[in-house]
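What follows is a short report on a single structure.
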Amino acid sequence: MEKLINNYGWGLPVAASTVAGGIDFGIRIIHVAMFVIFILWAIFFTYLLIRYRRMDGVKADASHGRLIWSLAPDVVVLIFEISLIVLYAIPAWSRIKIKFPTPDESHNLEIVAEQFGWIIQYPGADAKFGRRSPALVNASNPMGLDPEDPAAKDDVIGVNELHLPLGKPTLVQLTSKDVIHSFFIPEFRIKQDAVPGMKIPVWFEPTKAGQYELGCAQLCGVGHAIMRADVFVHEAADYDAWMTRQRPQFSPQE
Amino acid sequence: MNTAASTNHSAQIKSYLMVFGALLVLTVATVTASYLRLPAVLGLMVGLAIATVKASLVAAFFMHLKGERLLIYGLLGLTFLFVVFLFTLPMIDMSAIGINRMPYGGANAMAAPPPATAHH
Amino acid sequence: MNTHATTISGHNPEFATTGIPNGKLGIWLFLSSEVMLFATLFTSYIVFRTSAAAWPRGWDVLNVPLALVNTLVLISSSVTIVMAYAKTLERDQKGFRLFMGLTIALAFVFLGIKTFEYRSKFEHHHYPSSSIFYAVYFTTTGLHALHVIVGIIWNSWLWHAAAKEWDEWWFPGRIEYAGLYWHFVDIVWIFLFPALYLL
Amino acid sequence: MPETAALSHHGQDRHDAHKLPWVNKYVFSIDHKVIGLQYLFTSMFFLLFGFMLIMLIRWQLAFPGKPIPLIGGLLSQALAPGGIITPEFYNALGAMHGTIMVFLGIVPMGVGAFGNYILPLQIGAPDMAFPRLNMMSYWLYVPGGLLMLASFFLPGGAAQSGWTSYPPLSIINPGQTVWLVGMLFLIFSSLFGAINFLVTGLNMRAPGMSLWRLPVFVWAQLVTSVLLLLAFPPLQAAAILQFMDRVAGTSFYIPEGLIVGGQALAASGGGQPILWQHLFWFLAHPEVYVLILPAMGIVAEIIANNTRKPLYGYKEIVYSMFFIGGMSFVVWAHHMFISGMSPALGNFFLVTTMIISVPSVAVLTCLVFSLKGGSIRFTTPMLFALAFLPLFGIGGLTGLPLGLTVTDIYLHDTYYVIGHFHYVVVTGTIIALMGGVYHWFPKWFGRKMNDAWGRVHFWTTAIFMNGIFFPMFIQGLAGAQRRLYDPTAQAHNIVTQPLNIVSSVSAWLLFLAQIPFLVNFFHSIFKCEKSEENPWRATTLEWACPSPPPHGNFDKTPHVYREPYDYSPEGYLSDWRPQHQEAGARP
């Protein structure tokens, strides 16, 4: 926890993925614009309040003259928003949520959310995910992995600990066992609801080795606050070393 | 207070009976069409088309929408505009995310690659 | 009041600036909200149907002949209530009572058939919880049946009130508004029948 | 059908009002003014109650896991053993705070209380079009509210799934059935109210009151009513489906293969959790405008009255409100950008969301420009109306990064959302409603509220409200998630945790700041100086009858000769000319 706290401060947290820069850029530019708009507006507003306060013998001026420049705020906001949409939002959204890396070039994971934790399935050496079945779910097999399936033999299951390599994008297939959860790694600026009955792809590419936090951002029940996982990003070689140390779910010794 | 009061009652009643006849015919038609066992989409279109005609007949004649005031038309028009939003947008979404629908333990991820694969 | 120079153009008895009587405008507004209600159910129906792994064809699991009879019953009741309204305008109280009575009777027939249909479903252990198809079937037809029950209460009240209020100027309006509601209930069924039974 | 009730009943009531038994006069009254006040008092109660719920939460957020001082011991041991609230109770408090504030507090006050009392008066009508239906609306609202209150004491407890009630959580959590039934009551209440308002506003206008002579407040109420009328039924249907899921075992929102707590859930499956979100937000986004439009109407009235000049861009404001109303039906899914909804559809909702912000800017601009050339009286209601402008502006501006798909990825479900929403609804709507209370109090009770205490109330309220909600923007940007029972359980909130204390202390102080208001309010009803009939020298019709108005409102139906805000007319000695005053009657 102490280590994680260093990622956070009074502004945006540490940016540790390839998409974080783009999102931060948007947040900053909007806030600067908001601040400028609000200050200009506030100056005008204060001026009006002082200039047109009630004074003895001065009657209000009821002339109905339309001032064309009262449309200025509408036009400014409109232009600002159109340029945000066209130049920023649509391209960036498409890069983050619509276009995905192919499974071949990615580090592939299956993540299942449950009340109240995250279960991560690594495909193992065969790069294939074993079959799952709801009927097989129990305390020692939280994922419900099917031991009959050869692809499941070398699958590694992690609970509330997510390990990622640097240098390639991670492609996650996200689902949930019970209710809606939300996969949120603030340092990566990535968030996606995990919906039961759906498998939703999410991708991100970490840019810094270190420890991060995965929280659940959607109210999921009494344990919502304690539903979290630690994210460890390793150099590629370290990741491979870590992976070889892991025992598959159905390891031969058992 | 209504057009019916000023027009000829028997003509009005005659029109009710004619609409009644048309509704009966259309009901029989829609049941007959179902026996053709059309494919789902075509059947849906035929069935809903007939139902729409029937509903319009009821609305136009029994509910006296024919010759109703503009305000009522406006109200219904607004309602149907929102009905269109309510129909289309969730349905577009539901069909678009259909590929993501997968019960727990269903086919695994690699069997269903994400929608687009262009990257970088 | 004292300083206000006002010209009073008399009392406006109808309070209908738009020219549409209050009751009629009110009932059409109410029907618009009902359109939205049933449109939502139809959206859900289509969403569930298109995304369902398996959706039975209505004729395989539901009783089409019974539903056809019910459709005819409801359409006939729509005719009888519009006749009851015509009789009201003709100031023919006997005719009104006859046709309104028929409307109510037909509504009871509809509910009777519906009850029979439900009961045979339950006997075969088909409940709303059985499948998404039955969930949609019971919920939409149940909600429609609820509207029929409201219609029966409304129409019976008017049938009863005719004795006392027949000569009041507002009475024909009341019949008209009840009729508008009843036709709407009919229209809903006109869509439900093919959607559930025939497609 | 009930049109006749309006007439026949009215005819009698007008003369026999004093003969009515007490119960028909004050409890089951069909007089729009009594019903309006009933709404006012009931919704004030619910606003305070909802506020108290959140003050408990604020303790847990500021000092997680510490027993609540003073009142902690009064709470039941099941809810708060040893004065420390349980996570279940925390979630229930959160869900019920949202529900009560939105559906039982603000809407009944903005629409039920202000609309009911003021709208018929402003159009010169003797009552609502359907007085009995009006009474029914109120008496559906009360049981809906009582059910929500009672749910705290029922075996399952209150709803714990947020005010949004997202399934499947809401289906497996206890307490939600009562919530759904309560919501159905409230929906019916609102639907009947909306019908009544529309018919009244369109049909019951006094002679000469053409549509372009309607005060902005009336327009706001009419647009609001359309939104209620057409947006509530989808939630009604969705709530019925969720109700069926809970009591009849259907699976409308339950997909197949759910495993809850390691056990397979017995359900047929085939449902769509995201469908609920679509249907819920189809209502709940227009609902936001239901909250804000009446507030805009109130602010417009107060500003026109206190600048002593006609409203700037009256038609522009009205057209903007139409546009907001219509567009509000196609922006709902900006609440769902990361819900698993199709990302391509996100682009569509991004565009509509940006479009709808333009008319809101237009309304705000017109209200600001109304100050220009005025002779501004800084009365207490005017202070509230003026505070509305920048504070609602902050609420609107901070909606920008949330409406933008990309930045919403990060900000969604953080404190930033809470800050944004509360700036709109609390420093926007509630501030305006408070201003409305000060403005129309003389109308309701024939007395004026104490002005000095009103100013104290204003300044403390405005400061503490900002104290609560401004820190939330900083927390949100720092990554703090909402709805966490223990905010320190996750790293992202620890650095900014001191801000939680700032917010909480401000919330409690805000509560204290309401005490002068409440004392002032109730004291003034009975004791304060009698006000003149038209103390603000306002032009609209509600001031053309005695304060408080008698049964039937106007002695004689007023005739309308001009636009609503004829302040400081040229070549005229006094600075106002009422709508019902004949041309040239007083030079």
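Letters go in sequence order (proteins before strands), and every chain restarts at 1. All values reported here derive from a predicted model rather than from experimental measurement.
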When the aromatic ring centroids of C:His183 and B:Phe61 are compared, is their separation below 6.0 Å?
no

Highest number of heavy-atom pairs under 4.5 Å with chain C among B:Leu75, B:Val83, B:Leu23, B:Leu48 belongs to B:Leu75

Please classify the contact between B:Leu76 and chain C as side chain, backbone, both or neither, with a heavy-atom cut-off of under 4.5 Å.
side chain

Is the ring centre of C:Phe138 less than 6.0 Å from the ring centre of C:Tyr118?
yes

Using heavy-atom distances under 4.5 Å, tell me whether B:Ser95 contacts chain C through its side chain, its backbone, both, or neither.
neither

Between chain C and each of B:Phe80, B:Tyr35, B:Phe87, count heavy-atom pairs under 4.5 Å; write down the option with the most.
B:Phe87

Interface moiety of C:Ile81 toward chain B, non-hydrogen atoms closer than 4.5 Å:
neither

Walk me through whether C:Trp182 and C:Ser77 qualify under side chain to side chain donor-acceptor pair (under 3.5 Å).
CA-CA 9 Å; C:Trp182 190 251; C:Ser77 78; 2.8 Å; yes

Find the one option among C:Asp186, C:Thr50, C:Leu29 whose heavy-atom pairs under 4.5 Å with chain B are most numerous.
C:Leu29

Quick check on C:Leu180 against chain B: is it the side chain, the backbone, both or neither that has a heavy atom closer than 4.5 Å?
both

The interface call for B:Met94 against chain C, heavy-atom contacts under 4.5 Å, is side chain

Below 6.0 angstrom between ring centroids: does that apply to C:Phe96 and C:Phe171?
yes

B:Tyr73 side-chain N/O to B:Leu65 backbone N/O, donor-acceptor pair under 3.5 Å:
yes

May I ask you to say whether C:Arg174 pairs ionically with C:Glu165, meaning some side-chain N is under 4.0 Å from a carboxylate O?
yes

